[in-house]
Colleague: 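Structure below; questions to follow.
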Amino acid sequence: MTTVEKTPKPAQQPTAGKPAPKPAEVATRPDTSPLVTEHGTTTVADTVVQKIAGLAAREVSGVHALGGGAARAFGALRDRIPGASASVGQGVSVEVGSKQAAVDLEIVVEYGVPVADLARSVRRNVIRSIERMTGLEVVEVNINVGDVHIPSTDDETASGGDRVQ
């Protein structure tokens, strides 16, 4: 994952005909982030961005689930506990700075869905949702396709196959 905070570039040496920028000019540039205003600063917690990214990824048709095998198994166990809530951030890790965010997703795709097209749609939806809701600039969304969901396998397991109830 790339670093989300950009370090300022050192002052350039004057070249023939071009003076070096004055330190005062660099320091007085307006901040372009909607989270930093003259009236105060707004910070967005990592868990907020994580939940937004998880929900946005799940909205895309062709995404079966988020998370690796162990995370999904733990999620299935948690779903059986009365009163426990599902984690919308499962399969999502984020790095959030004061102006930027980077997201890593681990997804399970439905069988037959073109992975490249799905990744493009997920990336677009995640970026649009995070930027619209938080004002943060999303610098990258990395997607790891960890599994393919084959409906017939899960349907037989869930119904118990040919067993009598």
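As the structure is a computational prediction, the values presented were derived from the model and not from experiment. For the numbers below, each heavy atom of this structure counts, side chains included, while hydrogens, waters and symmetry mates do not.
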Colleague: For side chain to side chain contact (heavy atoms under 4.5 Å, CB included), just list the numbers for E95 and E140, CA-CA rounded to whole Å, side-chain angles, deciding distance to a tenth of an Å, and then say yes or no.
Modeller: CA-CA 10 Å; E95 184 178 341; E140 68 178 16; over 6 Å; no
Colleague: Say you draw a straight line from CZ of R132 to CD1 of I127; how long is it, rounded to the nearest 0.5 Å?
Modeller: 14.0 Å
Colleague: Determine yes or no for a side-chain-to-main-chain donor-acceptor pair under 3.5 angstrom, with E131 supplying the side chain and V138 the backbone.
Modeller: yes
Colleague: Can you give me the closest heavy-atom contact between V108 and G67, atom names plus distance?
Modeller: CG2-O, 3.9 Å
Colleague: Using every non-hydrogen atom in the two residues, find where E106 and G146 come nearest and quote the distance to one decimal.
Modeller: OE2-CA, 4.1 Å
Colleague: Tell me every residue that passes side chain to side chain contact (heavy atoms under 4.5 Å, CB included) with V44, counting only those two or more places apart in sequence or in another chain.
Modeller: L35, V48, V49, T134, L136
Colleague: Looking only at heavy atoms, which two atoms of I130 and I52 are closest? And how far apart?
Modeller: CG1-CG2, 3.8 Å
Colleague: The criterion is salt bridge (Lys or Arg N to Asp or Glu O under 4.0 Å); which residues satisfy it with R120, sequence neighbours excluded?
Modeller: D117
Colleague: Taking the side chain as every heavy atom from C-beta outward, state whether N144 and D104 have any atom pair closer than 4.5 Å.
Modeller: no
Colleague: Go through V126 and I143 one step at a time and tell me if the side chain to side chain contact (heavy atoms under 4.5 Å, CB included) criterion holds.
Modeller: CA-CA 11 Å; V126 167; I143 299 172; over 6 Å; no
Colleague: If I take atom CZ from residue R58 and atom NE2 from residue H64, how far apart are they, to the nearest 0.5 angstrom?
Modeller: 11.0 Å
Colleague: Kindly compute the distance separating CD (Q50) from CD (Q90), expressed to the nearest 0.5 Å.
Modeller: 10.0 Å
Colleague: With rounding to the nearest 0.5 Å, note down the distance linking CZ in R123 to CG in L118.
Modeller: 10.0 Å
Colleague: For L66 versus G54, what's the shortest heavy-atom pair and its separation?
Modeller: CD2-CA, 4.3 Å
Colleague: Looking only at heavy atoms, which two atoms of V63 and A57 are closest? And how far apart?
Modeller: CG2-O, 3.5 Å
Colleague: Working to the nearest 0.5 angstrom, can you tell me the gap between S61 OG and N125 CG?
Modeller: 11.5 Å
Colleague: State, to 0.1 Å, how close S33 and K99 come at their nearest heavy-atom pair, and which atoms those are.
Modeller: CB-CG, 3.8 Å
